[in-house]
Amino acid sequence: MDSVKVTKTRLFEMKIKGEKITMLTAYDYLMASQLDECGIDLILVGDSVGNVMLGYENTIPVTMEEMIHHCKAVSRGVERAMVICDMPFMSYQVSLEEALRNAGRLLKEAGAEAVKIEGGAEFFDTVKRLVETGIPVMGHLGLTPQSVYQFGGYGVRGKDEEQASRMLEDARALEKAGAFSIVLEKVPAVLAKRITGEVNIPIIGIGAGIDCDGQVLVTQDMLGLYDKFVPKFSKRYAEIGKEMKDCYRKYIEEVKNKKFPGKEHSY
Ligand code: KIV
């Protein structure tokens with residue numbers, strides 16, 4: 001693993017060379033420092049923090065203060081990876097000024113190096129303005145969880161030709177506005193391949209097949225730590241949640257039965 005700091009330039013270089021880009025989510029210092037130590041390229045402080053860490057039903061209630069709190073912890077643990085922070089619902093939709101002020105807070109107060117927003121051509125002016133101000137922006141197309149009520153669920157997006165060509169246009173618009181990368185969530189693999197081939201910025205897929213420039217997962221999902229909902233696209237690399245519960249049960253049993261602490265833990 002190279003120890004060189006991941007930058008926008010490096011990501012473009014990786015796309016051109018066909019080197020896959022890796023991204024995982026983190027919401028705290030410990031996990032972020034582990035991911036960084038292991039060589040992840042991008043760390044996303046996703047608004048999925050709402051589901052995974054804060055117990056909300058979806059990402060709608062997540063606030064700027066919550067994103068700042070978690071992003072601060074993450075950025076304290078990271079040296080090499082690029083830290084990208086999600087802009088929560090209604091922090092960038094109301095006006096350009098609010099988008100700018102809130103994105104600025106994520107960089108100034110929370111230590112993010114870039115922000116991610118959900119949506120395409122409709123946010124052309126917002127993305128352009130943020131980028132012109134010096135704030136790198138990652139787009140997010142396909143399944144955009146902040147629009148769950150509008151779409152009425154979390155189904156695959158871009159299944160018919162009309163939706164597919166709109167998504168391609170959105171990707172082109174984001175690129176033109178100056179976004180440095182796009183997350184494509186839950187779209188058919190053939191469409192993701194087409195978009196990846198037709199835009200010049202790195203495309204990071206989640207449930208979007210093998211041909212994207214990189215891949216992202218929610219870390220708690222891939223660790224088998226969060227089992228309230230397990231998406232088909234998320235490979236479980238371990239069953240850490242089960243192991244943790246085994247530890248809690250063992251500790252409870254040992255304390256109840258006076259097996260812990262032993263002499264070696266006592267003064
Ligand atoms: O919030 C999040 O974790 C995300 C990823 C699923 C890409 O946006």
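Atoms within a ligand are numbered from 1 in the order they appear, just like the ligands themselves.
No salt bridge links Arg101 with Glu98; every basic N to acidic carboxylate O contact stays at or beyond 4.0 Å.
Checked against side chain to side chain contact (heavy atoms under 4.5 Å, CB included), Val190 has the following partners two or more places apart in sequence or in another chain: Pro188.
Residue Ile16 is found outside any hydrophobic cluster, as its side-chain heavy atoms come under 4.5 Å of no other Ile, Leu, Val, Met, Phe, Trp or Tyr.
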Output block, N or O contacts of ligand 1, threshold 3.5 Å exclusive:
residue: ligand 1; atom: 1 (O); partner: Asp47; partner atom: N; Å: 3.2
residue: ligand 1; atom: 1 (O); partner: Asp47; partner atom: OD1; Å: 3.1
residue: ligand 1; atom: 1 (O); partner: Ser48; partner atom: N; Å: 3.1
residue: ligand 1; atom: 1 (O); partner: Ser48; partner atom: OG; Å: 3.3
residue: ligand 1; atom: 1 (O); partner: Asp86; partner atom: OD2; Å: 3.1
residue: ligand 1; atom: 3 (O); partner: Ser48; partner atom: OG; Å: 2.5
residue: ligand 1; atom: 8 (O); partner: Lys116; partner atom: NZ; Å: 2.8

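The side chain to side chain donor-acceptor pair (under 3.5 Å) contacts involving residues 184-196 comprise His140-Glu185, where partners must be two or more places apart or lie in separate chains.
If you chain together hydrophobic residues whose side chains sit under 4.5 Å apart, Ile135 and Phe123 fall into the same group.
Here the rule is side-chain contact (heavy atoms from CB on, under 4.5 Å) with Val49, and of Glu66, Met67, Gln220 only Met67 fits it.
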